[in-house]
Every structure is written in structure tokens, then in C-alpha cells.
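Quick caveat: nothing in here was measured; it's all calculated off a predicted structure. The first residue in the sequence is number 1, and the count goes up from there.
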Amino acid sequence: MSLRIAVDARPLGQPMVGITRYTFELLQRMLVGSPHQWYLYLDRPVMHELPALSNIHIREGNCRFSATSTIFAQYFFPRWAKQDNVDVFWSPRHHLPLFLAKNIKAVVTIHDLVWKFYPETMSVLGRWLERGLMPPSLARAERVITVSESTQLDLREHFPLIASKLAVVKAGLSCKEESTKLETTMVPYFLFVGTLEPRKNLPRLLNAFSIFAQTNNDTNLVLVGGEGWGKESLTIIIDRLGVGDRVRLTARVSEDELATYYANALALVMPSLYCLLYTSPSPRDKRQSR
């Protein structure tokens, strides 16, 4: 049976940050060879190359400001879904269009509950949107996908009525087909990859590295990522700690460059205030241990 599946593909209109990669990698694998018709809805032009197949239909808006993205999606996506006569609507980014036709099955992916556990690390707008749109999206969805068992436990605790809808689908790994090890002239280093924003806890990482650097002279730290909201002045912290010659602060990098950093790092460091653990005694114990 061939289905007509619509996707909130707004992440594909953004640079390759975490949720963009999640959406892009899944679609790359689901679209090729699929018997279904796919309708990708964006608030702005797509930035990442997708397979040129006859069963892929892209609808794009022309939103220039991120603040209007949600308004655009809530207004236009239900109308597009009705016009395209879709059977299923999937959102990989926490929120569903609240006015989808009742005959359309809905699926939503939930990555975390930062807005409940660490609201102070979010922008005011982001926190408001999560509080306003996630609960009704969970209620509307026929199936709720979580990317970890940790998030599934959190949802069971805070939204027990949706427990029967939950399914864990862990993220996979994108492997380069070229050589497995790329060359670099850098000295040994620890690597952080992510958007530079408060919840990533980078000041603490820099403080920890400055202590480590006092007794270790041959290992550096590389921070790879684009600027997010509320970015603290990491350069000021680096200068204050006196580790400017040991820390490399980059912007977003190409796929090949990122592969190089991953392939040659001593270790990947993830100091985020909200780490998604695959196992935990309980959500409460997990939060207390952070």
C-alpha cells in the first residue's frame, strides 16, 4: 500500500546542526526506494541536497525570520496537508501543526525535555513554544518517537497518559565511504561538537581543561560549532584562563573537516547540562546526578 506522507522538513532549511542532521539522515534512507509519496514542507528554501526522485514533492515558503517560522508552519502546513491529501504527518522536531485534519495520522519525535528540566538554558521564545506546543502535540500524535530510553522515561513520568504511544528509535551513524582515517597535522586533542549555547555548559568544560592543562602539555581542546542563542563570550573565558594557545575555537565546518576532527580526536567530550543517557535508574535520580 502506498501512503502519502508529509514531513515538517523545516530543519532542512537550516545549517547542519543536530536536529537538521537527524532529519536529513533519516530522510536520505527513507526516501530512496520508498513506495510512498513524500511531501516535504519548509518555511524557507531547502539548504541540503536530497535525492531527485519522482515521489518527493517539496513545498517551500519564504520566511526570513526564525521567530515567524512556527506561525508559518501552524497556518500553512495543515492546508498543504489537506491539499496533498496526505495520510500521515511526521514532525522530527517536537511540535505538530495543531489544526491537522482529524483523518491524518500524526507522528512526532521528541529529543528531550529541556524546557522542563533546564528552562533557564533556553531563549524565552523557545521555552514558550515548547510549553505551548509540545503537550498538545503529544496528545494529538498516534505515535511518539524518542531518540533515547532516557527521554522515554522522562515522558512516561511527566505525561503518563501517552505511555502506550511511545517508541524508542535510536539515531544511527552516517559513515563516509572514503578512507576511514583522514590526516591532520594537529597535536592530540579533545573534541567538542555542538551549537555554542548555554545548555552546552562550555564555560565549565573550559575551566576543567584549564586545570588539566596545568599538568599536561601535549593535549589541546577543539570546539566545533556555530553560534546559538545567548552565546557567552568564550574568547573572553579562554583568555581569562590563559589557555588561548591550547584551545581552537572554530565555526561550522565542512563534512570532510568534521570527519577529520572526529577521526583524529583522543576523545569526544559532552559536558551538556542535559545529557541523554541510554540507561538510568530513574529520571529523578538522573537529574540529581547532573
Side-chain angles (χ1 to χ4, degrees), residues 11 14-23 25 92-94 109-127 129-131 134 145-155 157-158 168-174 189-212 219-238 241 243 247-253 258 261-262 265-290:
Q14 303 290 339
M16 191 61 80
V17 295
I19 197 167
T20 304
R21 185 172 296 281
Y22 171 82
T23 305
E25 297 289 355
R93 52 182 313 281
H94 290 195
T109 297
I110 304 297
H111 298 269
D112 55 55
L113 293 179
V114 172
W115 63 281
K116 273 192 170 293
F117 301 151
Y118 295 98
E120 69 279 2
T121 68
M122 301 179 68
S123 67
V124 174
L125 177 61
R127 186 166 63 244
L129 290 175
E130 291 285 81
R131 285 177 174 172
M134 185 185 289
I145 297 171
T146 67
V147 298
S148 71
E149 294 169 8
S150 173
T151 295
Q152 184 189 60
L153 289 173
D154 290 343
L155 286 170
E157 178 184 4
H158 291 275
V168 178
V169 181
K170 298 176 182 177
L173 176 66
S174 177
Y189 60 91
F190 299 117
L191 176 67
F192 165 85
V193 178
T195 305
L196 309 182
E197 58 185 17
R199 70 190 178 103
K200 299 302 183 180
N201 204 21
L202 294 177
R204 181 171 294 178
L205 172 60
L206 290 170
N207 274 285
F209 180 75
S210 71
I211 297 171
F212 168 82
T219 304
N220 290 346
L221 173 65
V222 177
L223 308 179
V224 176
E227 295 185 7
W229 84 276
K231 184 180 75 72
E232 300 171 81
S233 181
L234 298 181
T235 55
I236 292 177
I237 298 174
I238 291 170
L241 294 172
V243 291
V247 177
R248 175 180 291 189
L249 184 61
T250 78
R252 293 188 177 95
V253 298
L258 184 60
Y261 282 123
Y262 274 130
L266 288 176
L268 180 69
V269 292
M270 300 180 66
S272 174
L273 291 171
Y274 191 148
C275 290
L276 298 181
L277 307 179
Y278 285 112
T279 58
S280 174
S282 74
R284 181 175 295 104
D285 292 342
K286 176 187 65 178
R287 292 192 295 276
Q288 290 174 349
S289 67
R290 290 170 180 153

### Task
Calculate, to the nearest 0.5 Å, the distance between atoms OH and OG belonging to Tyr118 and Ser272 respectively.
8.5 Å
### Thr219/Phe212 under side-chain contact (heavy atoms from CB on, under 4.5 Å): CA gap, chis, key distance, verdict
CA-CA 9 Å; Thr219 304; Phe212 168 82; 3.9 Å; yes
### Query
Minimum heavy-atom separation for Pro92 to Thr23, with atom names?
CG-OG1, 3.4 Å
### Task
Check the pair Leu206, Ile238 against side-chain contact (heavy atoms from CB on, under 4.5 Å), reporting the backbone distance first and the verdict last.
CA-CA 7 Å; Leu206 290 170; Ile238 291 170; 3.9 Å; yes
### Any donor-acceptor N/O pair, Thr151 side chain to His111 backbone, under 3.5 Å
yes
### Task
Show your reasoning for whether side-chain contact (heavy atoms from CB on, under 4.5 Å) applies to Ser210 and Val243.
CA-CA 6 Å; Ser210 71; Val243 291; 3.9 Å; yes
### Query
Is Thr146 reaching over with its side chain to a backbone N or O of Ile110, donor-acceptor style, under 3.5 angstrom?
no
#### Entry: Any Asp112 side-chain heavy atom under 4.5 Å of His94 side chain
yes
## Note on the structure
CG of Asp154 to CZ of Phe117, rounded to nearest 0.5 Å, is 3.5 Å
### Task
Indicate yes or no: at least one non-hydrogen side-chain atom of Arg93 is less than 4.5 angstrom from one of Pro11.
yes
### Task
With rounding to the nearest 0.5 Å, note down the distance linking CD in Gln14 to CZ in Arg21.
15.0 Å
### Within-4.5 Å side-chain heavy-atom neighbours: Met134 and Trp115
yes
### Query
Side chains of Leu113 and Leu155: closer than 4.5 Å at any heavy-atom pair?
yes
### Message
Would you compute the distance between atom CG of Leu223 and atom CG of Leu205 and round it to the nearest 0.5 angstrom?
### Response
6.5 Å
### Short side-chain to backbone donor-acceptor contact, Asn201 and Pro271, under 3.5 Å
yes
### Message
Please report the interatomic distance OH(Tyr22) to OG1(Thr109), rounded to the nearest 0.5 Å.
### Response
3.0 Å
### Message
Quick check: closest heavy atoms across Tyr262 and Leu191, and the distance to 0.1 Å?
### Response
CD2-CD2, 3.7 Å
#### Entry: Heavy-atom side-chain proximity of Val247 to Phe209 below 4.5 angstrom
yes
### Task
Check whether any side-chain N or O of Arg127 sits under 3.5 Å from a backbone N or O of Met122 as a donor-acceptor pair, and report yes or no.
yes
#### Entry: Between Tyr261 and Thr250: side-chain donor-acceptor atoms closer than 3.5 Å
no
#### Entry: Nearest non-hydrogen partners of Tyr189 and Leu221, listed with the distance
CB-N, 4.4 Å
### Shortest non-hydrogen contact between Pro15 and Thr20, atoms and distance
O-OG1, 3.0 Å
### Query
Are Glu130 and Lys116 ion-paired here, with the side-chain N under 4.0 Å from a carboxylate O?
no
